[in-house]
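Mind having a look at this structure? Questions to follow.
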Amino acid sequence: LVLLIVFGSLVAAAMPILLAIVAVPVTLSIVYGIGQHLSISIFVLNITSIIGLGISIDYSLFMIRRFRDELAAGRSTSDAVGWTVATAGESILFSGLIVMIGFCAMLVIGVDIMTSLGIGGAVVVTTSVLAALTLLPALLGVLGHRVNSLRVPFFSRLTMHIPHAGTHSSQEQRRSFWQRWALGVMKRPVLIILLVTVLLAGLGWPIFSISLGSTSTTALPTTSEARQGLDILNAQFPETNIQLVSIVVQTPHGSSMLTSVNLVKLDSLSTWIAKQPYVTGVISLTRIPATSGTPTLTEQQLSTLYTTGAYSHNPAIAQFVASTTNGNFTLITATTNAKVDSSQSKALVNNLRAGDKAEAQGLTVLIGGDQADSLDFNNYLYGNFPWAILFIVVSTYILLLLMFRSVLLPLKAILMNVLSVSACLGVLVFIFQWGNFSNILGFTSQGFLDSIIPILLFCILFGLSMDYEVFLLSRVREEWLLTHNNRWSVARGLEKTGGVITNAALLFVIVAGAFAFTSIIVVKEMGLGMALSVLLDATIIRVLLVPATMRLLGRWNWWLPGRPLPPKQEG
């Protein structure tokens, strides 16, 4: 429906869908081949679907609109195709490379799920770009002016009319709106920058309280049979709700755990663990549970039994020792009422790890369990994340520097992207971590975001958000090279791309936003995050912040060392 409104004809509206129909299945077939040799995450299906549909529609939209503009300017079909590929095609190539940079950065993380998502994303972007630069121009060359055929009466009245050469139409009125908008924004650039920055900072503020965790069965909808069974189990058998912390203790130099010296150290460690907040019980060699069928014995009595070997005559104690101790190793099990991935549970594991060196008195202590697993995974994940960020920022800057021949424009674009992604993550914390709008979106808040979501969204959105920056600035640069008038170039650039960017963003929001209504919470977070970021980027950033900052920078937008600035022309 949106494509019909945008183009007003069935032929033009069908072409973006056709490109997506080609790009996504081809990508999945390639991923299938890769999957025969590597482990591929099931979420690759979601990523390739969202990205493939979204950018295929985006790229084809820009190509078709530019092609229709060139036809309207009086060019022949072959010339129109040539100019379209030389202008919009170049932008698509650079845009695709920037999006691919984000996916390739996932390979730096070193975690299987991120590697497979990075491979799937890079493949779908490559396929979409190749289809946009080969299949689409070929189709346009075959169709020519017939790209405007099969007009839909109602929608063709809503869309922008594409005139023949030398005529005047509502296109000029529509374009004049974006020109007036840009000129209005550039009259008060400082005020606009302050207001937009405050708005984005406000949206991103919740990110400072972000909590990360690993998705469990609670991520399933309550209608799921597996979720219902688990809820019944937890309700009828409360002990299944108890979280266990496994503490492996090793004596130095291979000495037996059952010596009196080591048992004293072990008892001291067990006592210290029992005093930690949120610990409800401790089981160890010196703290045998009453449920094991053994009589209540003091620490001294147990020590005597262990050191003399007399414990082996008591079947219950002998079985307990065999299940917890082997040579110089033993297991301490602590129970806690803190929920996995809650702040209390994370603090407990961190406290145990921080204090075990002093309390163990020479014993080697290793902390395990579900919470420790989750913390270690997240620490490893985010330990490599700075390298991925560095790779994205440096590579993106170099590509934009080559494309725009400017030092400051790439830096400005990167800073704006950081603002956009931060605002997006802040809104996700507000919704999914704090539980707002859970009844509308149909989920149960787990009190945290899935740990892969911030990295995934940063890597993907940094490239996707740059899409619209590339398309806008490439058109601005065309005007700048003709006039060397910064203010007029920005106004003309937004005039020629404002409507296209808005339509493309709306289409991507529809595609990505649809995934917010799936049943799995991690897919909801991913879909809504992409939709929010693109919406913010195409509205607040591109139509407000970009014109305002470019107005302030003036001729310095196009500064490159070794190249003199042109004379100032701001008429």
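As a basis for the values below, the full set of heavy atoms in this structure was taken, side chains included, without hydrogen atoms, waters or symmetry mates.
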Ring-plane angle category for Trp480 and Trp558, please: parallel below 30°, perpendicular beyond 60°, tilted otherwise.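 Because their plane-to-plane angle is under 30°, the rings of Trp480 and Trp558 count as parallel.
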Could you name each residue pair satisfying salt bridge (charged side-chain N to carboxylate O under 4.0 Å, His left out) that touches residues 418-432, not counting sequence neighbours?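 Applying salt bridge (charged side-chain N to carboxylate O under 4.0 Å, His left out) to every pair that reaches into residues 418-432, excluding sequence neighbours, yields nothing.
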Measure across Val511 and Gly54 and return the closest heavy-atom pair with its distance rounded to 0.1 Å.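 The pair with the smallest heavy-atom distance is CG1-N, 4.2 Å.
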Are any of the side-chain heavy atoms of Val534 and Ser465 separated by less than 4.5 Å?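 In short, these two side chains do not touch, never coming nearer than 4.5 Å.
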Check step by step if side-chain hydrogen bond (donor to acceptor under 3.5 Å, both in side chains) holds for Ser116 and Ser41. CA-CA 6 Å; Ser116 60; Ser41 168; 4.5 Å; no
Validation row: Met403, Leu473 side chains within 4.5 angstrom (heavy atoms):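 Not in contact.
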Among Ile55, Val421, Ile50, which residue meets the side chain to side chain contact (heavy atoms under 4.5 Å, CB included) test with Leu464?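 Option passing the side chain to side chain contact (heavy atoms under 4.5 Å, CB included) with Leu464: Ile55.
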Would you compute the distance between atom CG of Leu409 and atom CG of Leu553 and round it to the nearest 0.5 angstrom?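 Taking CG in Leu409 and CG in Leu553, the distance rounds to 7.5 Å.
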For a 4.5 angstrom cut-off between non-hydrogen side-chain atoms, does Met15 reach Leu143?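 Result yes, sub-4.5 Å side-chain heavy-atom pair found.
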Quick one: sort the Phe471 and Tyr59 rings into parallel, tilted or perpendicular, breaks at 30° and 60°.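 Geometry flag for Tyr59 against Phe471: perpendicular rings.
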Please walk me through it: do Ile541 and Val196 pass side chain to side chain contact (heavy atoms under 4.5 Å, CB included)? CA-CA 8 Å; Ile541 302 247; Val196 171; 5.7 Å; no
Quick one: pull up OH in Tyr468 and OG1 in Thr497 and give me the separation to the nearest 0.5 Å.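 So the gap between those two atoms works out to 12.0 Å.
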Got Leu10 and Arg151 here, is their nearest side-chain heavy-atom distance under 4.5 Å?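 The answer is no; the side chains never approach within 4.5 Å.
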Gly493 and Val476: which non-hydrogen atoms are nearest, and at how many Å?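 Residues Gly493 and Val476, closest heavy atoms: CA-CG2, 3.8 Å.
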State whether the side chain of Thr48 and the backbone N or O of Leu45 hold a donor-acceptor pair below 3.5 Å, judged by distance alone.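 Yes, Thr48 side chain to Leu45 backbone: donor-acceptor pair under 3.5 Å.
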Reported NZ-to-CE distance for the pair Lys412 and Met550, which is rounded to 0.5 angstrom: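 Output value for this atom pair is 6.0 Å.
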Where do Met63 and Ala132 come nearest, in terms of heavy atoms and distance?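 The answer is CE-O, 3.3 Å.
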Output, in order, the C-alpha distance, side-chain angles, deciding distance and verdict of side chain to side chain contact (heavy atoms under 4.5 Å, CB included) for Ile453 and Val522. CA-CA 8 Å; Ile453 288 297; Val522 65; 3.8 Å; yes
Over 12 foreign heavy atoms within 6.0 Å of CH2, Trp83: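 Open.
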Donor-acceptor pair, distance only, cut-off 3.5 Å: does the side chain of Ser533 make one with the backbone of Gly529?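 Here the side-chain-to-backbone pair does not exist.
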Closest heavy-atom pair and its distance - Ser9, Leu4: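 That closest heavy-atom pairing would be O-CD2, 4.0 Å.
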Which atom of Ile64 lies closest to which atom of Phe7, heavy atoms considered: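 Heavy atoms only, the tightest pair is CG2-CE2, 3.5 Å.
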Please determine whether side chain to side chain contact (heavy atoms under 4.5 Å, CB included) holds for the pair Ile119 and Leu107, giving the CA-CA distance in whole Å, both sets of side-chain angles, and the decisive distance to 0.1 Å. CA-CA 8 Å; Ile119 291 172; Leu107 306 180; 4.1 Å; yes
Has Thr502 got a side-chain atom pairing as donor or acceptor with Ala538's backbone, closer than 3.5 angstrom?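 Between the backbone of Ala538 and the side chain of Thr502 there is no qualifying donor-acceptor contact (under 3.5 Å).
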Within the 4.5 Å heavy-atom criterion, are Leu401 and Leu560 side-chain neighbours or not?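 Yes. Closest side-chain heavy atoms under 4.5 Å.
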I'd like to know if the side chain of Lys524 and the backbone of Thr518 have a donor-acceptor N/O pair within less than 3.5 Å.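 Pair found, side chain donor or acceptor close to backbone of Thr518.
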For residues Ile455 and Cys459, determine if any side-chain heavy atom of one lies less than 4.5 Å from a side-chain heavy atom of the other.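 In contact.
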Between Thr549 (side chain) and Val546 (backbone), is there a donor-acceptor pair under 3.5 Å?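 Yes; at least one donor-acceptor contact below 3.5 Å.
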Using a 3.5 Å distance criterion without hydrogens, assess whether the side chain of Asn503 forms a donor-acceptor pair with backbone atoms of Gly499.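 Judged by distance alone, yes, a pair lies under 3.5 Å.
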Check for a donor-acceptor pair, side chain of Ser420 on one end and backbone N or O of Asn417 on the other, with a separation under 3.5 Å.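 Not a single qualifying donor-acceptor pair exists.
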To the closest 0.5 Å, what do you measure between CG (Leu528) and CZ (Phe443)?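 Rounded to the nearest 0.5 Å, the CG-CZ separation comes to 9.0 Å.
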For Ile192 and Leu544, which heavy atoms make the closest approach, and how far apart are they?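 Shortest heavy-atom separation between Ile192 and Leu544 comes out as CG2-O, 3.7 Å.
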Mind checking whether Trp178 and Val543 have side chains closer than 4.5 Å, heavy atoms only?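 Result yes, sub-4.5 Å side-chain heavy-atom pair found.
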Is there a donor-acceptor pair closer than 3.5 Å between any side-chain N or O of Ser406 and the backbone N or O of Asn557?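 Checked: pair present.
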Measure the CG-CG distance between Leu71 and Leu140 for me, rounded to the nearest 0.5 Å.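 Answer rounded to 0.5 Å: 8.5 Å.
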Is the shortest side-chain N to carboxylate O distance from Glu479 to Arg487 below 4.0 Å?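 Judged by the 4.0 Å cut-off on N to carboxylate O distance, Glu479 and Arg487 do not form a salt bridge.
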Beyond-backbone contact of Asp537 with Met466, side-chain heavy atoms, under 4.5 angstrom: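 Not touching, per the 4.5 Å side-chain cut-off.
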Is the Phe385 ring parallel, tilted or perpendicular to the Tyr382 ring (thresholds 30°, 60°)?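 Ring orientation of Phe385 relative to Tyr382: perpendicular.
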Value rounded to 0.5 Å, distance of CG in Leu117 from CG in Asn46: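 Separation between the atoms: 9.0 Å.
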Distance-only, no hydrogens or angles: does the Asn436 side chain make a donor-acceptor pair with backbone N or O of Ile431 under 3.5 Å?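 Not confirmed, Asn436 side chain does not pair with Ile431 backbone.
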Step by step, work out the side chain to side chain contact (heavy atoms under 4.5 Å, CB included) result for Ile47 and Met526. CA-CA 9 Å; Ile47 287 291; Met526 185 167 56; 3.3 Å; yes
Consider only side-chain N and O atoms of Asn148 and Arg68, and report whether a donor and an acceptor are under 3.5 Å apart.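 Yes.
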Are any side-chain N or O atoms of Ser438 and backbone N or O atoms of Gly435, one a donor and one an acceptor, separated by less than 3.5 Å?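 A pair under 3.5 Å: yes.
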